[in-house]
Amino acid sequence: MAGIYLHIPFCKQACHYCNFHFSTSLRYKNEMVTALLKETELQKDYLNGEPIETIYFGGGTPSLLEISDLQILIKKIKETFPVSIEVEITLEANPDDIHKEKLVGWKKNGINRLSIGVQSFFEEDLLWMNRAHNAQQAIDNLQLAIDHFNNITVDLIYGHPLLSDLKWKQNIEKVISLNIPHISCYALTVEPKTPLFKLINENKKEDVSPGKQSEQFLQLMQLLIQAGYEHYEISNFAKPGFRSRHNSSYWQGKKYLGLGPSAHSFNGASRQWNISNNNIYFTSLGKNEIPFEKETLTITQQLNEYIMTSLRTMEGTDLNKISEAKRFELRAASRKYIDTGKMIEENNLLKLTNEGKLFADGIAADLFFNQ
Ligand code: SF4
């Protein structure tokens, strides 16, 4: 089983914290759709005929596409690959793009899961982030989406200077009260080259506080677990039966094909990524060429990737999947984290405790093998 990701690199305006690849000019939207169709064709053998279990429209803002654009892209994928009848098709949507006609059109074309970038229900937070939607749209259009789709995930951001613990609690309680079955929560990170990075450096915006982020992460885990959500990956919580099948396949090391500028692909042995430039992307595809770079993963790199991703999941790192010699080394390296309550080992599985989840990436990096 494999997945397909399509990167739709357009946004109405630039959120100040964002470091994804996108353009705020929609001038070349049609050229982009044509190039995506072409890349689909050129990559028809990439997944070796494996059935497609998930399709994911991410970005950027895929909800900016016309229904007719989505229709031809989905049709092309279904004509090119063996798509499972039970396929999960997710569309990332921003609240300001959601209205009745689009919801009906998305559903009619097979989209069965919406990922809605709410981020906060407070007006001042959305303004601070420079989001394109306002608080009223977040509430009204999320409700409208719930009336049409039962498989919805909402993104929320925590740990920014304007977000008090009380406001964070209210944001979480809002999604719980709406019975949203899947919630993804991200600590705001200040990435270089973003407007936020610049504004903080010029003292025009307050920096984030790591202490506050840890507090709000603990608050998040407590509230969502109490409300019946599984904390199945560091940033992801789901009601039973509502885990993201697409993202889970990344964490399980399954193969996937990424289409569009900046999209990544993985075929089990090598990883490749398309150029993060819209113009070069669609001009190259016009000449039947895919502009990408590629790296072949060594056994050690594959093992380290497995540790990095599996440790972030509820199931943890399965020591049975690792050779005896490496298992011995990994156990020895984990000892200090087990002794300090950050990890546990049970039934040959290494898992992070709630305390350990605060340091997930650092712990994983420390456990990496050098060769
Ligand atoms: S809508 Fe999403 S992709 Fe676009 S700028 Fe905002 S965070 Fe980035």
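Numbering of ligands and ligand atoms starts at 1, following listing order. Just so you know, these numbers come straight off a predicted model, no measurement behind them.
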Checklist entry - Which of the atoms of ligand 1 are close to Q13, meaning less than 4.0 Å from one of its heavy atoms? => result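 The list of qualifying atoms is 5 (S).
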
Next on the checklist: Could you tell me, atom by atom, which parts of ligand 1 come under 4.0 Å of a heavy atom of T61?
Outcome noted: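 Per the distance check, 1 (S), 4 (Fe).
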
Checklist entry - Salt bridge between K29 and D69, side-chain N to carboxylate O under 4.0 Å? => result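 A salt bridge is present here (some side-chain N lies under 4.0 Å from a carboxylate O).
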
Item to check | Residues E230, K239: salt bridge by 4.0 Å N-O rule | outcome: no

For [atom], the protein heavy atom that lies nearest, with its residue and separation:
atom                    : result
atom 6 (Fe) of ligand 1 : C15 SG, 2.3 Å
atom 1 (S) of ligand 1  : N94 ND2, 3.3 Å
atom 3 (S) of ligand 1  : G60 N, 3.3 Å

Next on the checklist: If I take every N, O or S atom of C18, is at least one of them less than 2.8 Å from atom 8 (Fe) of ligand 1?
Outcome noted: yes

Checklist entry - Ring centroid separation for F10 and H21, is it under 6.0 angstrom? => result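 Between F10 and H21, the centre distance exceeds or equals 6.0 Å.
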
Checklist entry - Taking the six-membered ring for Trp, is the centroid-to-centroid distance between F237 and H231 below 6.0 Å? => result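 Yes: the rings meet the under 6.0 Å criterion.
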
Checklist outcome for this item: With heavy atoms and a 4.0 Å threshold, my read on which part of R131 contacts ligand 1 is side chain

Checklist entry - Between C11 and ligand 1, which residue portion shows a heavy-atom distance shorter than 4.0 Å: side chain, backbone, both, or neither? => result side chain

Item to check | Distance (rounded to the nearest 0.5 Å) between E345 CD and I338 CD1 | outcome: 5.5 Å

Next on the checklist: Is the positively charged end of K44 above the ring of F81, judged by distance under 6.0 angstrom from the centroid and angle within 45° of the axis?
Outcome noted: no

